[in-house]
Participant: 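Dropping a structure here in structure tokens format, bear with me for questions.
Please read these numbers as outputs of a predicted model, since none were measured by experiment.
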Amino acid sequence: MSEKEEVKGLPVILDKKTALPLWIDQRVFPLQYYIPIKRIENFFKGLREGKILATKCKSCGRLFFPPQMDCPKCKTRDMEWVELSNEAELVSYTIIKVKPKTFGHYEDYIIAIGKLKKENINIFAWLKTSDPSKIRIGMKLKLVVSERLPEKYLVYEFVPAEDL
Ligand SMILES: [Zn+2]
């Protein structure tokens with residue numbers, strides 16, 4: 001029995017590894033996660049106030065962004081909230097033209113790593129610019145809170161300092 005014959009009459013394929021027949025369920029379920037955020041709720045409150053918040057371990061001083069409430073080094077939950085500065089420098093970027101299905105409704109977008117000057121940590125975020133041809137490694141960026149369309153959700157992202 002060849003794979004071709006099976007596909008013709010039935011939603012059945014042969015497993016690539018084992019060659020055993022597999023029934024393809026015809027129901028497709030959208031998958032949406034609900035992630036508990038109670039312990040990092042301050043982060044979202046911060047976005048609404050235009051602030052980008054990280055957590056800092058009170059014991060070793062390590063910064064966590066995106067924020068987390070446990071320090072893996074100190075095995076402690078004794079964290080404080082700190083507002084990040086916004087001056088950064090572009091370390092690396094990629095322009096996304098071929099998008100994952102769930103991001104298909106966005107125009108081409110740029111994902112970037114920027115190093116915050118003051119904190120000396122790397123942040124991974126979208127980089128929004130009116131002119132991608134002006135992007136240069138090392139260019140000055142600002143980390144800002146903005147509204148992502150069409151969802152109208154608050155997000156943090158980089159913009160070139162000269163665009164502000
Ligand atoms: Zn620590």
Participant: Please name the residue in the list Leu14, Leu20, Asp15 that meets the side-chain contact (heavy atoms from CB on, under 4.5 Å) test with Lys17.
Facilitator: Asp15

Participant: Applying side chain to side chain donor-acceptor pair (under 3.5 Å), run through Ser85 and Glu119 and close with a yes or a no.
Facilitator: CA-CA 8 Å; Ser85 66; Glu119 293 84 355; 2.7 Å; yes

Participant: Among Tyr93, Tyr109, Tyr156, Phe158, exactly one meets ring pair (Phe, Tyr, Trp, His ring centres under 6.0 Å) together with Trp126. Which residue is that?
Facilitator: Tyr109

Participant: Short question: side chain of Lys99, backbone of Ile96 - any donor-acceptor pair under 3.5 Å?
Facilitator: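 Pair absent, no side-chain N/O of Lys99 close to backbone of Ile96.
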
Participant: Just to verify, which of Thr55, Asn122, Ile52 counts as forming a side-chain contact (heavy atoms from CB on, under 4.5 Å) with Phe65?
Facilitator: Ile52

Participant: For the CD1 atom of Ile113 and the CD1 atom of Ile121, what is their distance to the nearest 0.5 Å?
Facilitator: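 The CD1 atom of Ile113 sits 12.5 Å away from the CD1 atom of Ile121.
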
Participant: Could I get the full list of side chain to side chain donor-acceptor pair (under 3.5 Å) partners for Arg77, not counting sequence neighbours?
Facilitator: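 Counting only residues at least two positions away or on another chain, Arg77 forms a side chain to side chain donor-acceptor pair (under 3.5 Å) with Asp70.
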
Participant: So do the side chains of Val82 and Leu63 get within less than 4.5 Å of each other, counting heavy atoms only?
Facilitator: yes

Participant: Can you list the steps and then say if Thr94 with Ile110 is a side chain to side chain contact (heavy atoms under 4.5 Å, CB included)?
Facilitator: CA-CA 6 Å; Thr94 299; Ile110 303 161; over 6 Å; no

Participant: Kindly compute the distance separating CD (Glu83) from CG (Asn42), expressed to the nearest 0.5 Å.
Facilitator: 12.0 Å

Participant: Okay, side chain of Arg136, backbone of Ser133: is any donor-acceptor separation there less than 3.5 Å?
Facilitator: yes

Participant: Under 4.0 Å between a Lys/Arg side-chain N and an Asp/Glu carboxylate O for Lys115 and Glu89?
Facilitator: no

Participant: Which pair of non-hydrogen atoms, one from Leu141 and one from Pro160, has the smallest distance, and what is that distance?
Facilitator: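 For Leu141 and Pro160, the tightest heavy-atom pair comes out as CD2-CA, 3.9 Å.
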
Participant: So does Glu151 pair up with Arg148, basic N to acidic O under 4.0 Å?
Facilitator: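 No, Glu151 and Arg148 are not salt-bridged.
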
Participant: Could you verify whether a donor N or O on one side chain and an acceptor N or O on the other, from Asp78 and Thr76, lie under 3.5 Å apart?
Facilitator: no

Participant: Using side chain to side chain contact (heavy atoms under 4.5 Å, CB included) as the criterion, list what pairs up with Lys73, not counting sequence neighbours.
Facilitator: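 Side chain to side chain contact (heavy atoms under 4.5 Å, CB included) list for Lys73, sorted by chain: Cys60, Cys71.
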
Participant: Hey, does Trp23 have a side-chain heavy atom less than 4.5 Å from the side chain of Pro11?
Facilitator: yes

Participant: Could you tell me if the side chain of Leu84 sits less than 4.5 Å from the side chain of Ile123, heavy atoms only?
Facilitator: yes

Participant: Testing Lys58, Met69, Arg39 for side-chain contact (heavy atoms from CB on, under 4.5 Å) with Met79, which one passes?
Facilitator: Met69

Participant: Would a 4.5 Å heavy-atom cut-off, applied to side chains only, mark Ser146 and Leu154 as touching?
Facilitator: no

